[in-house]
*Asks:* 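This is the structure I have questions about; it appears just below.
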Amino acid sequence: MIEHPDGTRTPVIDASVHIFAASNADLRGFMREPFKSRGFPDYEMDWYGAPGGEYAPGTRGPDGQYPGSDVETVAEHLFTDRNVDIAVLHPMTRGVMPDRHLGTAIAAAHNEILVSRWLDHDTFGDRFRGTIRVNPDDVGGALREIAKYRDHPRVVQIGIPLQSRELYGKPQFWPLWEAAVDAGLPVATHTEVGAGIGFAPTPNGVTRTYEQYHSFMSLNYLYHLMNMIAEGVFERYDGLKFVFGDGAGDSLTPFMWRMDCFGRPHLEQTPWAPRMPSEYLPGHVFFVQGPFDGPGDTDFAGEWFGFTGKDDMTMFGSSYPHWNLTPLAVPGSYSAEQRDKYCWRNAAELYGIEIPAGLAAR
């Protein structure tokens with residue numbers, strides 16, 4: 001929670017904490033043959049490397065384990081050092097594998113680690129919530145993972161890679177969205193680590209530098225979102241909730257203005273999605289926002305946050321343990337209501353997280 005000068009307190013839900021296996025050997029310990037002995041990329045075998053290192057200092061485990069893999073270290077950093085009340089964990093896997101069966105096996109191993117080490121942890125389990133990872137290239141395997149974990153009390157969403165080879169509005173994914181709605185679980189997309197196969201970070205292909213990659217990769221959400229609206233996904237599955245976990249929600253407003261403007265004369269082309277595009281946002285679309293999203297601590301930050309209803313869609317996420325991990329900072333021009341929505345209320349409502357009434361009321 002955040003302590004304010006006037007004595008009031010604001011709870012904090014960190015909606016984007018990335019967790020890892022301690023090593024490839026550790027991950028293989030949760031896999032079964034014929035996949036356990038297969039080759040697959042390491043976490044850092046991607047095309048870009050962050051200048052200065054991918055992870056924040058001090059995030060490795062006490063024995064040098066991979067950053068974000070040691071429960072006690074992560075808990076100390078989040079709950080003690082950063083005053084987080086609840087952390088929503090998102091396991092990082094390896095992107096989209098050419099072999100869909102291998103991709104499903106890797107996701108399943110991460111799910112076992114998530115549940116056995118984190119969500120069922122004797123000391124900190126009640127402060128963690130989890131994202132089960134599924135492979136959208138293997139819908140049958142994904143449905144099995146959802147069925148396996150849907151009733152776990154601390155599993156709160158389903159995770160898929162942002163860099164899909166196909167847009168998520170297409171019909172081959174509909175059984176996955178139907179299963180998510182039936183399980184009452186939101187679906188979260190996030191840029192994946194490792195050298196998988198999938199979308200380039202921009203419509204014009206790969207970028208030259210990490211800075212360009214980091215700036216534009218998250219904007220791939222726009223193509224998924226526009227396609228899902230045009231294909232009538234939110235009309236068909238009214239209970240579907242989709243979380244875009246890489247930020248860039250601050251860019252939603254101008255793109256939706258354009259989509260509404262140019263979509264208005266052509267609604268007859270999509271009779272399965274008869275409403276204006278922006279009408280499909282409330283209750284369906286959510287974003288995780290970090291310290292580098294938005295206009296910063298400006299006098300118009302709160303006003304911009306309110307445009308297109310972004311203040312009802314946006315949740316704080318630190319991206320721990322990555323290099324851009326910084327303390328939670330709320331722009332001074334946010335209203336008290338906007339601050340609460342961003343820090344905890346939107347996430348609590350989306351994920352069904354109970355915050356003690358006395359704390360939430362202060």
*Asks:* Find the distance between CG (D260) and CE (M276) and round it off to the nearest 0.5 Å.
*Replies:* 4.0 Å
*Asks:* Let me see the working for D120 and H152 under side-chain hydrogen bond (donor to acceptor under 3.5 Å, both in side chains), right down to the final yes or no.
*Replies:* CA-CA 10 Å; D120 292 343; H152 192 289; 2.9 Å; yes
*Asks:* Which heavy atom in L78 sits nearest to a heavy atom in A87, and how many Å separate them?
*Replies:* CD1-CB, 3.8 Å
*Asks:* Please check if the side chain of H322 supplies one atom and the backbone of N324 the other of a donor-acceptor pair under 3.5 Å.
*Replies:* no
*Asks:* Taking NZ, NE, NH1 and NH2 as the nitrogens, is one of them in K310 or D250 under 4.0 Å from a carboxylate oxygen of the other?
*Replies:*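 Not counted as a salt bridge, because no side-chain N and carboxylate O are separated by less than 4.0 Å.
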*Asks:* Quiz question: by atom type and distance under 3.5 Å, do the side chains of D299 and S333 form a donor-acceptor pair?
*Replies:*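 S333 and D299 do not have a side-chain donor-acceptor pair below 3.5 Å.
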*Asks:* Crowded around R258 CZ? As in, over 12 foreign heavy atoms under 6.0 Å?
*Replies:* no
*Asks:* May I ask you to decide if R345's main-chain N or O and D340's side chain share a donor-acceptor pair within less than 3.5 Å?
*Replies:*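 Such a contact is absent between D340 side chain and R345 backbone.
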*Asks:* Please name the pair of heavy atoms, one in A301 and one in Y334, separated by the smallest distance, quoted to 0.1 Å.
*Replies:*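 A301 and Y334 have their closest heavy atoms at O-CE1, 3.8 Å.
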*Asks:* Of E72, R127, R154, which is the lone residue that meets side chain to side chain donor-acceptor pair (under 3.5 Å) with H121?
*Replies:* E72
*Asks:* For D63, does its backbone N or O pair with a side-chain atom of Q65 as donor and acceptor, under 3.5 Å?
*Replies:*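 The answer is yes, because a donor-acceptor pair under 3.5 Å joins these two groups.
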*Asks:* Is L252 linked to F307 within one hydrophobic cluster, defined over Ile, Leu, Val, Met, Phe, Trp and Tyr using a side-chain heavy-atom separation of less than 4.5 Å?
*Replies:* no
*Asks:* Answer whether the closest heavy-atom distance between the side chains of C343 and I13 falls below 4.5 Å.
*Replies:*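 With C-beta onward as the side chain, the pair stays apart.
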*Asks:* Using side-chain contact (heavy atoms from CB on, under 4.5 Å), reason through T131 and I158 one step at a time and then give a plain yes or no.
*Replies:* CA-CA 5 Å; T131 305; I158 298 162; 5.8 Å; no
*Asks:* Is there a donor-acceptor pair under 3.5 Å between the side chain of Q338 and the backbone N or O of S335?
*Replies:*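 Indeed, once roles are kept as given, a pair shorter than 3.5 Å links the two residues.
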*Asks:* Would Y237 and F242 count as a close aromatic pair, with their ring centres under 6.0 Å?
*Replies:* no
*Asks:* Tell me, do M97 and D137 make a side-chain contact under 4.5 Å, heavy atoms counted?
*Replies:*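 A side-chain contact is absent here, since even the closest heavy-atom pair is not under 4.5 Å.
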*Asks:* Do the charged groups of R275 and E235 touch, with an N to O distance under 4.0 Å?
*Replies:*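 Yes, charged N to carboxylate O under 4.0 Å.
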*Asks:* Stepwise, does the side-chain contact (heavy atoms from CB on, under 4.5 Å) test hold for I19 with L114?
*Replies:* CA-CA 8 Å; I19 62 170; L114 167 72; 3.8 Å; yes
*Asks:* Which distance, rounded to the nearest 0.5 Å, do you find between the CG of L240 and the NE2 of H284?
*Replies:* 7.0 Å
*Asks:* Could you tell me whether F124 and W118 have their ring centroids closer than 6.0 angstrom?
*Replies:*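 Aromatic pair excluded; centres sit 6.0 Å or further apart.
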*Asks:* Check whether more than 12 heavy atoms from other residues, nucleotides or ligands sit under 6.0 Å from atom CZ of R100, and answer yes or no.
*Replies:* no
*Asks:* Take H90 and V17 through the test side-chain contact (heavy atoms from CB on, under 4.5 Å) and record every step on the way to the result.
*Replies:* CA-CA 6 Å; H90 194 112; V17 173; over 6 Å; no
*Asks:* For the rings on H77 and Y320, is their centre-to-centre separation under 6.0 Å?
*Replies:* yes
*Asks:* Measuring from atom CZ of F292 to atom OG of S319, what distance do you get when rounded to the nearest 0.5 angstrom?
*Replies:* 10.0 Å
*Asks:* Kindly indicate, with the supporting measurements, whether the criterion side-chain contact (heavy atoms from CB on, under 4.5 Å) is fulfilled by M228 and V285.
*Replies:* CA-CA 11 Å; M228 293 177 79; V285 178; over 6 Å; no
*Asks:* Using side chain to side chain contact (heavy atoms under 4.5 Å, CB included) as the criterion, point out the one residue from R133, Q163, H18 that pairs with H190.
*Replies:* H18
*Asks:* Roughly how far, to the nearest 0.5 Å, is CG of L89 from NE2 of H110?
*Replies:*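 Those atoms lie 13.0 Å apart.
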*Asks:* Parallel, tilted or perpendicular for Y342 and F316, by the 30°/60° rule?
*Replies:* perpendicular
*Asks:* At what distance, to the nearest 0.5 angstrom, does CG of D293 lie from OG of S218?
*Replies:* 7.0 Å
*Asks:* For the pair D85 (side chain) and V12 (backbone), establish whether a donor and an acceptor sit closer than 3.5 Å, ignoring hydrogens and angles.
*Replies:*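 Answer holds: yes.
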*Asks:* Could you give me the CA-CA distance, side-chain angles and deciding distance for F128 and F79, then say whether ring-ring contact (aromatic ring centres under 6.0 Å, His included) is met?
*Replies:* CA-CA 10 Å; F128 291 133; F79 304 140; 5.5 Å; yes
*Asks:* Without swapping roles, check the side chain of R28 against the backbone of R38 for a donor-acceptor pair under 3.5 Å.
*Replies:*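 Yes, R28 side chain to R38 backbone: donor-acceptor pair under 3.5 Å.
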*Asks:* Would you say F20 and P91 make side-chain contact, with heavy atoms under 4.5 Å?
*Replies:*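 Counting from C-beta outward, F20 and P91 never come under 4.5 Å.
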*Asks:* Are the side chain of R150 and the backbone N or O of K148 linked by a donor-acceptor pair below 3.5 Å?
*Replies:* no
*Asks:* Taking the side chain as every heavy atom from C-beta outward, state whether P62 and D70 have any atom pair closer than 4.5 Å.
*Replies:* yes
*Asks:* For E337, I'd like to know if atom CD has over 12 heavy atoms of other residues, nucleotides or ligands within 6.0 Å.
*Replies:*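 Result for CD/E337: open.
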*Asks:* How far apart are the C-alpha atoms of Q289 and T314, what are their side-chain angles, what is the distance that settles it, and do they pass the side-chain hydrogen bond (donor to acceptor under 3.5 Å, both in side chains) test?
*Replies:* CA-CA 6 Å; Q289 178 169 302; T314 306; 4.7 Å; no
*Asks:* Taking E192 for its side chain and L162 for its backbone only, find out whether a donor-acceptor pair lies under 3.5 Å.
*Replies:* no
*Asks:* Taking the side chain as everything from C-beta on, heavy atoms only, tell me whether V288 gets closer than 4.5 Å to D246.
*Replies:*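 Not touching, per the 4.5 Å side-chain cut-off.
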*Asks:* Is any side-chain heavy atom of I146 closer than 4.5 Å to a side-chain heavy atom of L176?
*Replies:* yes
*Asks:* Quick check: closest heavy atoms across G247 and F287, and the distance to 0.1 Å?
*Replies:* O-CD2, 4.1 Å
*Asks:* For the OG1 atom of T10 and the CG atom of N83, what is their distance to the nearest 0.5 Å?
*Replies:*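 Here the interatomic distance stands at 11.5 Å.
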*Asks:* Determine whether the side chains of E33 and S37 contain a donor N or O and an acceptor N or O closer than 3.5 Å.
*Replies:*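 The criterion, which ignores hydrogens and geometry beyond distance, is satisfied for S37 and E33.
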*Asks:* Heavy atoms only: give me the nearest L219-S251 pair and the separation to one decimal.
*Replies:* CD2-OG, 3.5 Å
*Asks:* Where is the tightest heavy-atom contact between T73 and G61, given as atom of each residue plus distance?
*Replies:* OG1-CA, 4.0 Å
*Asks:* Is the NZ or CZ atom of R60 positioned over Y55's six-membered ring, under 6.0 angstrom from the centre and within 45° of the axis?
*Replies:*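 No; the conditions do not both hold, so R60 does not lie above the ring face of Y55.
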*Asks:* Evaluate the side-chain proximity of I113 to L27: yes if any heavy-atom separation is below 4.5 Å, no if none is.
*Replies:*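 Counting from C-beta outward, L27 and I113 do come under 4.5 Å.
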*Asks:* Could you tell me whether the side chain of H224 and the main chain of N220 form a donor-acceptor pair under 3.5 Å?
*Replies:* no
*Asks:* What class does the angle between the rings of W323 and Y210 fall in, given that below 30° is parallel, 30 to 60° is tilted and above 60° is perpendicular?
*Replies:*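 Answer is perpendicular, since the angle exceeds 60°.
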*Asks:* For T93 and A107, which heavy atoms make the closest approach, and how far apart are they?
*Replies:* CG2-CA, 4.4 Å
*Asks:* Judged by atom type as modelled, is there a donor-acceptor pair below 3.5 Å linking the side chain of N346 to the main-chain atoms of D311?
*Replies:* yes
*Asks:* Quickly, which of Y168, F244, F286 forms a ring-ring contact (aromatic ring centres under 6.0 Å, His included) with Y221? Name it, please.
*Replies:* F244
*Asks:* Could you see if W304 belongs to whatever hydrophobic cluster contains M313? Use Ile, Leu, Val, Met, Phe, Trp, Tyr and a side-chain cutoff under 4.5 Å.
*Replies:*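 Unlinked, W304 and M313 end up in two clusters.
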*Asks:* If we only count heavy atoms from C-beta on, is the D312 to K341 side-chain gap below 4.5 Å?
*Replies:* yes
